[in-house]
Amino acid sequence: MSIAIAPIAKIETLPPDIIVKSNPKKTLYIQLTCMVKQPMTTAEPQDMIQLPRTSESDQLKRIRHTASHVMAMAVQRLFPKAQVTIGPWTETGFYYDFDNPEPFSEKDLKAIKKEMDKIIKQKQPVIREEVSREEAQRRIKELGEPYKLEILDDIKTEPITIYHLGETWWDLCAGPHIENTSELNPKAIDIESVAGAYWRGDEKRQQLQRIYATAWETPEQLKEYKRRKAEALKRDHRKLGKELGLFVFSDPVGPGLPLWTPKGTIIRSTLEDFLKQEQIKRGYLPVVTPHIARVDLFKVSGHWQNYQEDMFPMMAETPEAAAKERGFVLKPMNCPFHIQIYKNELRSYRDLPMRLAEFGTVYRYEQSGELGGLTRVRGFTVDDSHLFVTPDQLDGEFLSVVDLILEVFNSLQLKQFKARLSFRDPESDKYIGSEDAWNKAENAIRRAVQTLEMDYFEAPGEAAFYGPKLDFIFRDVLDREWQLGTVQVDYNLPERFELEYTAEDGSRQRPVMIHRAPFGSLERLIGILIEQYAGDFPLWLAPIQMRLMSVNDEFLGYAKDVAAQLRAVGVRAEVDTSGDRLGKMIRNAEKGKIPVMAILGGKEVESNSLSIRTRAQGELGAIPVAEVVEKMKGAIANRTDF
RNA sequence: GCCGAUGUAGCUCAGUGGUAGAGCACUCGAUUCGUAAUCGAGCGGUCAGGGGUUCAAAUCCCCUCAUCGGCUCCA
């Protein structure tokens, strides 16, 4: 079979992520992300000052390596009991992890910065030395720093390089460094924050104190970096969501359980309607399933065994039932429900592919420290669909799902993302199913991204326990990465639930499942969208699309009349009846980020027109009402601007 | 879950042991106004919740809850 894939609109991937994580498991991930096929550039606004990225600037690497040593030296001068561990650069700065009996306070950070400035002024030379493994071990033992011994064990090559800072302080380091601390500018360095971090990223091990800091070539770069950070904070979806009244969290309801206000709900349902339309075009079938089910359902799927800790506790009618694990649970996934619908009838190959789709709300008991805004919540809605396909249909269906997802991103102007092939970790035993099934599934995904000529990277160990995934990763304003869309190939759940269809020759065959969600989570998507648009939703998504303002209340009747005409054709229009002066009404509409404003007075009433002002373009002058109605209708339908 | 910080009116915030404040929002009154803030008055608080110290606690101490920054986790 062949499938038509629409040409993919220009897609920019995020630049490779080279932030070094303390978790050794993630080292591989870091290296692989560097291998994105074509290095892409970030869409930088026309800023006066270009900020270099550490990964692209040898000089910044040197500055940050040395600055981290200066910081570690300062800490050990002020806190003699502090042990040093690792201190890598990141894309925007560097950090250093210390084992200190007491956590560092804000005051300590200031003192550390002062001490750093002192060290820099002392013009300490940075001297590279190569030593043998034995010599390195001897010196570490002399110092009494056990963490360094562990680090040494990880360094596989010889000789071992040591960097000295002045006469007494040194650290294991691969470099490169600058030659003298006098090359650092204290005014281009800043200590930012302190946080706990586990040694080697392992929560069972010692928790260290991580100090985050940043260092630049010039004070101007530091200033610009801080300006951008402050700028980014303004578009934080938690801040904008509150200001624009899109959603709220309420203590009595509980953490991680967002309440959607009317304005936020309009955005939600508009997104839902948009995707439902796309799905109808592609032969999806709508289903609805309940929020709870017997725990047994999730025992068959394996979720109970794998994720019991992360599910809301089971509801049982009696203590006896609870003891026997007989009860109901809030669903953490929709797939077992859709599987039951599939199983309700004996399916023929003629029924396949069968694409069951639902906006299904799931509940997961996320760790308290993980909750945050809309990006990580305990109750969220997945634009979930499960495709039951014959093995022959797998490739074609997979491609058409990815095509849909890219189409969705394109419509939402989500242009920057990374495509991650989340495969199994060959070392781990948490995965169910046969080697053969996994290979088939992983190859299907690889074939798809290669057919589509997408930029992608492979991430071993990131697969779901039942199958590999193609994940679409986006960044928030604080540069944190979040998974939105996902497509998963699954041979295992059909096996566990004993799914079948009757083939052409009359034999019983097992279907393959594709799990897919373009949005991933409606909550997370809207969080990302708010930040992406900085609250300025495109016209078709804007909760209020037009506000009409009368220069005085003499013409309110006309305003209400026109608003009714607009609403009659599906435009979300409203009238400002506050009685405020025009300037104030405009200010309020601008602050509310309403895309189109219509001002009217005697002149407009006389000519049956509206004076249009858009947020994007400002004053457009008087336009006849009929034309405004048509333009609004057209722009909303075509998802364009007024 | 772990480390740290924070929690005062609907919102943004001031108030370091001695009578709870400001701006905006809201309500009322006046103003009828042409492209980002008209003027005036009024309403509004168990200072997150609970316990303790003190003659006296928003303020000091303890516990709980929530939020924020990290770490860990993420079907």
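Lettering follows sequence order; numbering is per chain, from 1. Here the structure is a predicted model, which means the values were calculated and not measured. Just the heavy atoms: all of them, side chains too, but no hydrogens, waters or symmetry mates, feed the values below.
Residue A:Arg210 contributes atom CZ, which lies 16 Å from atom P of B:G69 at whole-angstrom precision. Rounded to whole Å, the distance from OH on A:Tyr198 to P on B:G4 is 11 Å. Atom P of nucleotide B:A36 and atom CZ of A:Arg547 are separated by 15 Å, given to the nearest angstrom. Distance CD (A:Gln367) to C1' (B:C2): 9 Å, rounded to an integer number of Å. Summarising the geometry, the separation between CG on A:Leu556 and P on B:G34 is reported as 15 Å, rounded to the nearest angstrom. The CD-C1' distance, from A:Gln207 to B:G70, rounds to 9 Å in whole Å. Remark: C1' of B:C3 and CG of A:Asp97 are 12 Å apart, rounded to the nearest angstrom. A:Arg376 places its CZ atom 16 Å from the C1' atom of B:C68, with the value rounded to the nearest Å.
Checking the phosphate oxygens (OP1, OP2) of B:C71, a side-chain nitrogen or oxygen of A:Tyr212 falls inside 4.0 Å. OP1 or OP2 of B:G1 has at least one side-chain nitrogen or oxygen of A:Ser368 nearer than 4.0 Å. Residue A:Arg364 has no polar side-chain atom (N or O) positioned under 4.0 Å from OP1 or OP2 of B:C73. Listed pair A:Arg480 / B:C74 fails the phosphate criterion, with no side-chain N or O lying under 4.0 Å from OP1 or OP2.
In this structure, A:Asn588 reaches neither bases nor backbone, as no heavy-atom distance under 4.0 Å exists between it and the strands shown. Within 4.0 Å (heavy atoms only), A:Gln206 reaches no atom of the nucleic acid at all. A:Lys242 comes within contact range of the sugar-phosphate backbone alone, with a heavy-atom separation under 4.0 Å but no base atom that close.
Of the P atoms belonging to B:U31 and B:G40, the separation is 16 Å, rounded to the nearest Å. Of the P atoms belonging to B:U16 and B:U59, the separation is 12 Å, rounded to the nearest Å. Annotation: B:G21 and B:U46 have their P atoms spaced 15 Å apart (nearest Å). Separating the C1' atom of B:A36 from that of B:G17 is a span of 45 Å, rounded to the nearest Å.
Looking only at atom types and distance, the side chain of A:Arg64 has a donor-acceptor partner in the side chain of A:Thr54 under 3.5 Å away. For A:Glu150 and A:Trp199, the side-chain atoms include at least one donor-acceptor pair closer than 3.5 Å.
The closest side-chain heavy-atom distance from A:Phe249 to A:Pro255 is not below 4.5 Å.
Where A:Arg613 and A:Val194 each meet RNA chain B at their nearest nucleotide, the meeting point lying more 5' is that of A:Arg613. Both A:Lys584 and A:Gln209 lie near RNA chain B, and the one whose nearest nucleotide falls closer to the 5' end is A:Gln209.
A donor-acceptor pair is defined here as one N or O able to donate and one able to accept, closer than 3.5 Å; no such pair exists between the side chain of A:Asp384 and the backbone of A:Glu358. Not one N or O on the side chain of A:Arg210 forms a donor-acceptor pair closer than 3.5 Å with the backbone of A:Asp97.
In this structure, A:Phe465 does not count as stacked on the base of B:A75 under the 5.5 Å centre distance and 30° plane angle limits.
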